[in-house]
Amino acid sequence: MKLAEAMSRLGTETAFEVLARARALEAQGKEIIHLEIGEPDFDTPSNIIEAAGTALMEGMTHYCPSAGIPELRQAIAEYTAETRGVNVTPEQVVVTPGAKPIMFFAILALVEEGDEVLYPNPGFPIYESMINFVGAKPVPLVLEEKRGFCFDVAELREKVTPRTRLIIINTPQNPTGGVLARDDLEEIANVAREHDLVVLSDEVYERILYEGEHVSFLSMPDVQDRTILLNGFSKTYAMTGWRLGYGVMPEELAVHITRLMTNSNSCTATFTQWAGVEALEGPQDTSYKMVEEFRRRRDVIVPGLNAIEGIRCAMPRGAFYAFPNVEGTGMTDKDFANYLMEEAGVAVLSGSSFGKYGGGFIRVSYANSIENLEKALANIADAVAKI
Ligand SMILES: Cc1ncc(COP(=O)(O)O)c(C=O)c1O
């Protein structure tokens with residue numbers, strides 16, 4: 001079958017491939033500790049599950065408006081207004097099955113062949129994949145270890161050309177755990193205004209933060225008419241399998257993103273949206289407890305990795321990933337990740353699967369029990385000693 005040419009430019013997310021490989025090894029009887037997949041290992045809070053159950057029993061099993069049920073759009077608008085200190089109307093909200101489609105739709109709606117898009121590298125691999133897919137040019141904003149995995153805003157300014165259309169930012173960041181400072185966000189806002197650019201701000205890890213308060217790009221002055229906030233329920237409420245996310249954007253763009261929803265999914269599952277209303281309006285303590293548990297795990301995994309010769313790991317400030325430099329092992333990041341799977345029974349991702357500038361690093365998801373993290377550290381130390 002002859003595929004459309006664009007398909008040759010579509011990338012992927014390695015996490016799912018590595019997970020499949022780990023499962024195949026498990027099927028052969030090998031024990032694997034899973035530090036590859038980016039999802040909380042906790043169950044969804046029971047009040048949220050109950051809300052979905054009630055919605056199902058009450059017959060919320062039909063199509064609903066493509067942009068989402070009015071109650072959830074209203075709850076998201078209120079939540080976003082309150083946490084960002086800006087006015088948000090429900091008409092600015094588009095609910096999607098997971099936050100990921102907002103990336104897909106925003107790039108489809110705004111970026112044309114030959115345009116340029118600035119995006120973090122290493123970064124969530126779908127940004128680069130989608131930019132390539134639409135025939136645009138991905139222009140990396142390099143996240144450097146020595147800068148706490150933040151990009152240089154002066155470099156951002158230099159990389160803007162007349163073809164630049166969109167800037168993608170992500171804070172707290174996957175895969176590095178880096179967090180953008182308020183000053184940097186202000187400067188990004190200046191660049192966006194000066195050059196009439198749109199900013200897609202991926203804030204799905206907003207609550208998984210270990211120092212200070214989350215600073216949202218949407219809170220920057222005079223950017224609300226050029227910002228798409230990408231947010232969701234997967235990470236904050238341990239709801240990855242529910243597929244529930246959203247975008248908050250100027251109303252004129254929301255109309256078009258909604259049309260993309262009509263053309264693809266029709267709408268997001270109705271009863272999961274009722275669970276989303278409960279997630280936002282119900283008690284938040286389980287979600288905050290989860291963050292505290294992530295902090296405890298971070299404080300085990302990072303010193304543990306640093307104690308292994310050849311590995312150097314910066315302290316992540318957000319999300320649930322450590323991003324250690326493994327160049328000192330003498331292996332490439334890809335070989336090292338494969339070696340850990342085979343030799344240590346520990347599944348991790350290579351840094352270069354998050355883009356060229358992730359080379360020399362691995363991503364370790366610490367969304368696993370302290371017991372398993374300690375076991376993984378011991379296995380990694382043994383495997384490294386054998387190199
Ligand atoms: C940076 C980032 N953005 C967005 C997503 C997508 O989340 P979901 O589609 O589950 O809401 C992820 C998931 O791993 C992520 O790491």
Side-chain angles (χ1 to χ4, degrees), residues 11-19 34-42 44 48 68 72 76 93-107 119-131 141 143 149-151 166-180 199-209 214 216-217 228-248 257 261 264-265 268-269 272-273 275-276 279-280 287 294 316-323 348-349 351 353-355 358 363-367:
T12 188
E13 221 187 311
T14 318
F16 291 100
E17 284 167 22
V18 174
L19 177 66
H34 292 272
L35 306 184
E36 78 279 44
I37 201 83
E39 68 170 348
D41 54 322
F42 305 102
T44 304
I48 299 175
L72 182 57
I76 291 168
V93 177
V94 183
V95 179
T96 46
K100 221 180 203 178
I102 292 294
M103 263 167 232
F104 195 86
F105 295 157
I107 293 171
Y119 74 106
N121 188 325
F124 192 56
I126 304 306
Y127 308 142
E128 193 180 278
S129 166
M130 276 306 297
I131 300 165
L141 296 167
L143 304 188
F149 294 114
C150 290
F151 56 82
L166 178 69
I167 303 173
I168 302 177
I169 56 174
N170 173 213
T171 181
Q173 215 253 350
N174 175 10
T176 65
V179 171
L180 286 170
V199 175
L200 174 64
S201 184
D202 182 341
E203 302 181 17
V204 293
Y205 295 101
E206 62 174 354
R207 192 168 290 175
I208 306 172
L209 190 68
H214 175 64
S216 172
F217 187 76
I228 304 162
L229 169 70
L230 180 151
N231 209 344
F233 297 79
S234 287
K235 319 287 173 176
T236 308
Y237 300 103
M239 290 177 74
T240 49
W242 295 69
R243 310 313 300 133
L244 190 62
Y246 58 89
V248 178
I257 301 292
M261 266 299 285
S264 52
N265 300 282
T268 303
T272 68
Q273 295 190 52
L280 289 177
S287 164
F294 282 138
R317 292 159 62 207
F320 39 69
Y321 309 112
F323 201 61
V348 299
L349 302 183
S353 58
F354 294 89
R363 191 193 78 171
V364 179
S365 163
Y366 49 88

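Just follow the structure's listing: the first ligand is 1, and inside any ligand the first atom is 1. In this chain, numbering begins with 1 at the start of the sequence shown.
- Of the possible polar contacts, none joining the Glu206 side chain to the Ser216 backbone as a donor-acceptor pair under 3.5 Å is found.
- Nearest heavy atoms, Pro125 versus Ser353: CB-O, 3.8 Å.
- Of all non-hydrogen atoms in His214 and Thr171, the two that sit nearest each other are CE1-O, 3.4 Å.
- Side-chain atoms of Arg363 come within 3.5 Å of backbone atoms of Glu36 as a donor-acceptor pair (strictly under, hydrogens ignored).
- Between the side chain of Asn170 and the backbone N or O of Pro172, at least one donor-acceptor pair lies under 3.5 Å.
- Aromatic pair Tyr205/Phe320: ring centres closer than 6.0 Å.
- Protein residues having at least one heavy atom under 4.0 Å from any atom of ligand 1 are Gly98, Ala99, Lys100, Met103, Phe124, Tyr127, Asn170, Asn174, Asp202, Val204, Tyr205, Ser234, Lys235, Arg243, listed by chain and number.
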